[in-house]
Student: 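Starting off with a structure, shown below.
Please read all numbers here as calculations on a predicted model, not as lab measurements. Counting starts at 1 for both ligands and their atoms, following the listed order.
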Amino acid sequence: MSTGSPRVLPADSGIAEAAAVLRDGGLVAFPTETVYGLGANALDARAAARIFEAKARPSFDPLITHLADAPDLEKLVGPVPPAVAALAERFWPGPLTLLVDRPAEIPPIVTSGLDTMAVRVPDEPSARALIRAAGVPVAAPSANRFGQLSPTRAEHVVKGLGAAVDVVLDGGPTRCGIESTIVDARGAQPVVLRLGALALEELVEAVGPVSVRPGSSGQPVAPGTLAAHYAPRTPLRVVAGAQPAPADGGRRGFLAFRERPADGYAAVEVLSPAGDVTEAAARLFDALHRLDAAGVTEILAEAAPDTGVGRAINDRLRRAAATWDPADARMHGPADRGYRFSYQPPESEVSHADRTRHHDQRRDLRP
Ligand code: TXA
Ligand code: MG
């Protein structure tokens with residue numbers, strides 16, 4: 001961990017200064033609607049290299065390029081496949097990342113040498129104002145050290161990255177709390193590479209059936225889709241529901257989805273008393289950061305309902321669990337197999353009639 005502190009500026013009044021830092025090749029952490037990003041000028045290979053260094057991120061894990069406005073996409077990469085354009089038009093600004101061909105202006109380090117580039121327009125006014133003011137596309141992974149919990153508050157960034165970042169724009173807690181959904185829509189049927197803040201249901205509603213391969217983002221290796229990722233430092237185990245603490249005197253934390261478990265835990269976080277997956281997602285990483293700081297020896301985490309953004313919550317929990325106890329992870333469904341088979345791909349969730357309707361909608365969406 002880096003010692004020292006970055007400059008922390010308000011997300012509104014700090015934009016001009018932060019944009020100047022980006023243009024000078026510096027690193028700026030900024031809020032998006034999903035999580036805080038660690039931004040650098042995406043046209044500058046040296047600046048992008050600093051991201052990998054600051055995060056201790058392996059060079060094989062490609063970055064997402066952020067744009068201020070949807071029309072900037074074709075200005076940067078030229079014409080894109082119709083389904084990609086339709087998804088961008090429908091969901092940008094928003095928590096959807098799309099794959100396109102990497103344009104020559106973007107140095108290969110940004111995409112870890114891949115021919116494809118992941119790109120999105122965040123739905124957060126200060127992020128878009130920053131990118132606009134910088135006048136360059138901004139490469140930004142989540143602003144945490146590699147493999148650790150994503151930051152949903154400026155404090156998480158300061159604590160995790162310290163002076164490795166030049167400036168942190170503080171815009172308060174992020175709205176969605178979970179990373180963007182990554183979709184490769186270049187082929188015949190869109191492929192979801194990472195479950196995220198844009199729910200599968202919304203995606204299917206817009207484009208019809210999609211296939212879901214959350215273990216396959218990025219070649220040669222699957223980055224935020226690595227089995228073990230998004231992990232607290234405390235060992236974490238996924239459990240099916242609220243349950244009493246094991247009576248062995250251990251200090252444990254419990255991450256509840258809806259209901260507070262019976263006594264016996266040293267720390268408890270409830271994600272959504274109303275049982276709302278969207279609210280739960282918004283609180284997920286913040287709650288995990290707190291449990292991680294609570295001095296417990298193990299975190300038990302209750303799985304969310306496998307619907308909407310709940311799927312992304314479960315995806316993150318299983319990956320967090322996979323870091324620590326492969327035996328347990330196997331027991332509860334291993335990160336790379338468990339959730340993949342724990343729900344039916346959306347294709348089988350839509351009836352034939354729906355499917356026909358979706359196809360019609362898909363045609364409607366095409367420019
Ligand atoms: O919500 C988000 O997406 C946040 C905010 C800051 O925008 N960013 C984020 O970035 O989550 P990061 O780096 O933590 O996760 C990016 C994921 C990684 O799993 C990476 O492998 C994948 O995107 N990715 C990037 N480029 C890719 C590509 N060309 N093909 C496949 N996957 C790619
Ligand atoms: Mg990340």
Student: In terms of ring plane angle, is the pair His66 and Phe30 parallel, tilted or perpendicular, where the classes change at 30° and 60°?
Tutor: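 His66 vs Phe30 ring planes: perpendicular.
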Student: Could you tell me whether some N/O pair between Arg120 and ligand 1 is separated by less than 3.5 angstrom?
Tutor: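 Yes.
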Student: I need the atoms of ligand 1 closer than 4.0 Å to a non-hydrogen atom of Ser180, numbered in the order shown.
Tutor: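 Matching atoms, with element in brackets: 1 (O), 2 (C), 3 (O).
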Student: Can you pull the salt bridge (charged side-chain N to carboxylate O under 4.0 Å, His left out) pairs that have at least one residue in residues 240-252, sequence neighbours excluded?
Tutor: Asp248-Arg252, Arg252-Glu298
Student: Which ligand 1 atoms does Gly37 reach within 4.0 Å, using its non-hydrogen atoms?
Tutor: 6 (C)
Student: Just distances here: any N/O of Glu179 and N/O of ligand 1 closer than 3.5 Å?
Tutor: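 There is no such contact.
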Student: Check whether the side chains of Thr174 and Glu33 place a donor and an acceptor atom closer than 3.5 Å, and report yes or no.
Tutor: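 Result is no, nothing qualifies.
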Student: Out of all atoms in ligand 1, which are within 4.0 Å of some heavy atom of Leu63? Include the element for each.
Tutor: 25 (C), 26 (N)
Student: Any atoms of ligand 1 less than 4.0 Å from a non-hydrogen atom of Asp61? List them with their elements.
Tutor: 18 (C), 20 (C), 21 (O)
Student: Looking at Asp170 and Arg7, is any side-chain nitrogen of the basic one under 4.0 Å from a carboxylate oxygen of the acidic one?
Tutor: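 Answer for the salt bridge query: no.
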Student: Taking side chain to side chain donor-acceptor pair (under 3.5 Å) as the test, write out the residues that go with Asp184, two or more places apart.
Tutor: Arg186
Student: At a 4.0 Å threshold, what atoms of ligand 1 neighbour a non-hydrogen atom of Thr116?
Tutor: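 In order of number, 28 (C), 29 (N), 30 (N).
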Student: Is Ser142 close enough that one of its N/O/S atoms sits under 2.8 Å from the Mg ion (ligand 2)?
Tutor: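 It does: Ser142 brings an N, O or S atom closer than 2.8 Å to the Mg ion (ligand 2).
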Student: Below 4.0 Å from any atom of ligand 1, is there a heavy atom belonging to Arg102?
Tutor: no
Student: Look at atom 28 (C) of ligand 1 and find which of Leu114, Val138, Leu98 reaches it with the closest heavy atom.
Tutor: Leu114
Student: Within the 4.0 Å heavy-atom shell around Thr34, which atoms of ligand 1 are there?
Tutor: 1 (O), 2 (C), 4 (C), 5 (C)
Student: Would you mind telling me if ligand 1 is within reach of the side chain of Glu124, the backbone, both or neither, using heavy atoms under 4.0 Å?
Tutor: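 Neither part.
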Student: Does a salt bridge link Asp72 with Lys75, judged by any charged N lying under 4.0 Å from a carboxylate O?
Tutor: yes
Student: Mark up the atoms of ligand 1 that fall under 4.0 Å of a heavy atom belonging to Ile182, in ascending order.
Tutor: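 By the 4.0 Å cutoff, the relevant atoms are 17 (C), 22 (C), 23 (O).
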Student: Counting only heavy atoms not in Glu259, do more than 12 sit closer than 6.0 Å to its CD atom?
Tutor: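 It does not: Glu259 CD has 12 such atoms or fewer within range.
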Student: Taking the minimum heavy-atom distance to atom 7 (O) of ligand 1, which of His66, Arg194, Lys55 ranks first?
Tutor: His66
Student: What do we get for Thr111 next to ligand 1 when only non-hydrogen atoms under 4.0 Å count, side chain, backbone, both or neither?
Tutor: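 The answer is neither.
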Student: Is Arg311 salt-bridged to Glu201, going by a charged N under 4.0 Å from an acidic O?
Tutor: yes
Student: Between Arg120 and Thr65, do the side chains contain a donor N or O and an acceptor N or O under 3.5 Å apart?
Tutor: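 The answer is no; no qualifying pair exists.
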Student: Is Leu98 close to Trp92 at the side-chain level, that is, under 4.5 Å between some pair of heavy atoms?
Tutor: yes
